[in-house]
Amino acid sequence: MVLTIQRLAVLRYLQGNKDHPTAEEIHRALRPHYPTLSLATVYNTLDTLKQAGLISELNLGKEKRFDPRGDWHHHFYCRVCGRIYDVSVQCPLAKEGRLDGHRVETIQAIFTGCCAACVATEEQGEAARAPYRCVVCGWVYDPLKGDGSPAAPAGTPFARLPESWCCKVCGAPRGKFVPVETALLQKRSVQREPR
């Protein structure tokens, strides 16, 4: 395999990444650093890395997600937030390596349900549905609507957004967001200060 700049960029992005990103998410994250990188190049690179055994592909309905973890493991898919978690569950077939005379080379189980964070969010109730405002540009993230990306589908509370998530308008990181109530209180206190 020829190691091009694009292949190296995709491989570095995936290294240690536990979010199981789609090709589109990888492209969106790398595009600011590699302006000539096309989505087709990302797809071709992912296919090459998969063929080389460096990454694996997860098929979840219409989406293909990519996992850099090379050992045999399974996944838990949260139907609420859409996140995928690596889980360690022992499978007896993995040890035997045979099933009805067939040689087993890959085992991929996907458990589906509601992840621990979403269960906790449901229990928190109203606080989890609170919108957050970007202090840089003023854009508001509404958890009930999400932002239209796979990382933040409708129903994703702000606290459940990936660390790499950023403002869809100005690109500000998560740390530049405050609850809308806090933003309004800050604005009122600034207006009341004598000039």
Side-chain angles (χ1 to χ4, degrees), residues 1-91 93-94 97 99 102-118 141 145-156 160-174:
M1 179 175 71
V2 177
L3 193 58
T4 64
I5 292 172
Q6 291 90 349
R7 287 177 179 170
L8 187 59
V10 171
L11 194 55
R12 282 184 178 160
Y13 179 81
L14 285 171
Q15 189 175 18
N17 188 319
K18 295 182 180 180
D19 291 336
H20 305 86
T22 64
E24 290 81 6
E25 290 171 334
I26 295 168
H27 180 251
R28 195 170 29 253
L30 294 177
R31 185 72 193 248
H33 306 290
Y34 302 92
T36 60
L37 181 69
S38 69
L39 184 56
T41 300
V42 172
Y43 272 110
N44 290 336
T45 299
L46 290 169
D47 188 53
T48 300
L49 294 173
K50 185 178 79 172
Q51 296 302 325
L54 297 174
I55 63 172
S56 58
E57 180 181 290
L58 303 173
N59 291 304
L60 294 170
K62 297 177 184 177
E63 282 190 328
K64 289 183 179 181
R65 293 177 171 262
F66 299 90
D67 187 357
R69 193 170 153 189
D71 63 327
W72 278 13
H73 63 283
H74 305 295
H75 297 91
F76 180 90
Y77 173 71
C78 180
R79 62 173 173 69
V80 178
C81 67
R83 286 206 172 154
I84 302 168
Y85 298 88
D86 292 333
V87 292
S88 296
V89 177
Q90 293 299 320
C91 177
L93 295 175
L99 177 64
H102 307 291
R103 183 178 64 226
V104 177
E105 295 176 350
T106 303
I107 297 174
Q108 189 180 94
I110 299 176
F111 301 89
T112 303
C114 186
C115 71
C118 287
Y141 172 77
K145 297 178 184 174
D147 70 2
S149 73
T156 305
R160 294 288 302 128
L161 295 173
E163 289 299 320
S164 60
W165 183 87
C166 60
C167 178
K168 297 304 166 198
V169 175
C170 70
R174 282 185 57 195

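Just so you know, these numbers use all the heavy atoms, side chains as well, and skip hydrogens, waters and symmetry mates.
Between Phe76 atom CZ and Cys115 atom SG the span is 6.5 Å, to the nearest 0.5 Å. The structure places SG of Cys114 at 5.5 Å from CZ of Arg79, a figure rounded to the nearest 0.5 Å. One distance of note links CD1 of Ile5 with OH of Tyr34; it measures 7.5 Å at 0.5 Å rounding. With rounding to the nearest 0.5 angstrom, the CG atom of Leu46 is 4.5 Å from the CZ atom of Phe66. Taking OG1 from Thr48 and CG from Leu54, the interatomic distance works out to 10.0 Å, rounded to the nearest 0.5 Å. A distance of 11.5 Å separates CG of Leu58 from NZ of Lys64, quoted to the nearest 0.5 Å.
Across all non-hydrogen atoms, the minimal contact from Ile55 to Pro68 is CG2-CA, 4.1 Å. Here the closest non-hydrogen pair linking Ala151 and Pro153 is C-CD, 3.5 Å. Between Cys166 and Gly171, the shortest heavy-atom distance links the atoms CB-O, 3.6 Å. Residues Glu25 and Pro21 share a closest heavy-atom pair of OE1-CA, 3.0 Å. Between Ile110 and Asn59, the shortest heavy-atom contact is CD1-O, 4.1 Å. Taking all atoms of both residues into account, the shortest heavy-atom contact from Ala109 to His74 is N-ND1, 3.2 Å.
For the pair Ser149 and Arg28, the minimum side-chain heavy-atom distance is below 4.5 Å.
Checked against salt bridge (charged side-chain N to carboxylate O under 4.0 Å, His left out), Arg69 has the following partners two or more places apart in sequence or in another chain: Asp71, Asp86. For the salt bridge (charged side-chain N to carboxylate O under 4.0 Å, His left out) test, residues two or more places apart in sequence or in another chain that qualify with Lys168 are Asp147. Here Tyr141 pairs with Trp165 under the ring pair (Phe, Tyr, Trp, His ring centres under 6.0 Å) rule; sequence neighbours left out. Taking Arg7 as the reference, nothing meets the salt bridge (charged side-chain N to carboxylate O under 4.0 Å, His left out) condition, with sequence neighbours excluded.
Checking side-chain atoms of His20 against main-chain N and O of Arg65 turns up no donor-acceptor pair under 3.5 Å.
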Exercise for the section: Go through His75 and Val87 one step at a time and tell me if the side chain to side chain contact (heavy atoms under 4.5 Å, CB included) criterion holds. Expected result: CA-CA 5 Å; His75 297 91; Val87 292; 5.5 Å; no
Side-chain donor/acceptor pairs under 3.5 Å, residues 12-19, sequence neighbours excluded:
residue, atom, partner, partner atom, Å
Asn17, OD1, Asp19, N, 2.7

Would you list the atom pairs, donor with acceptor, under 3.5 Å between side chains in residues 37-45 and any protein atom, with sequence neighbours excluded?
residue, atom, partner, partner atom, Å
Ser38, OG, Thr41, N, 3.1
Ser38, OG, Thr41, OG1, 2.9
Tyr43, OH, Glu24, OE2, 2.5
Asn44, ND2, Ala40, O, 3.3
Thr45, OG1, Thr41, O, 2.8

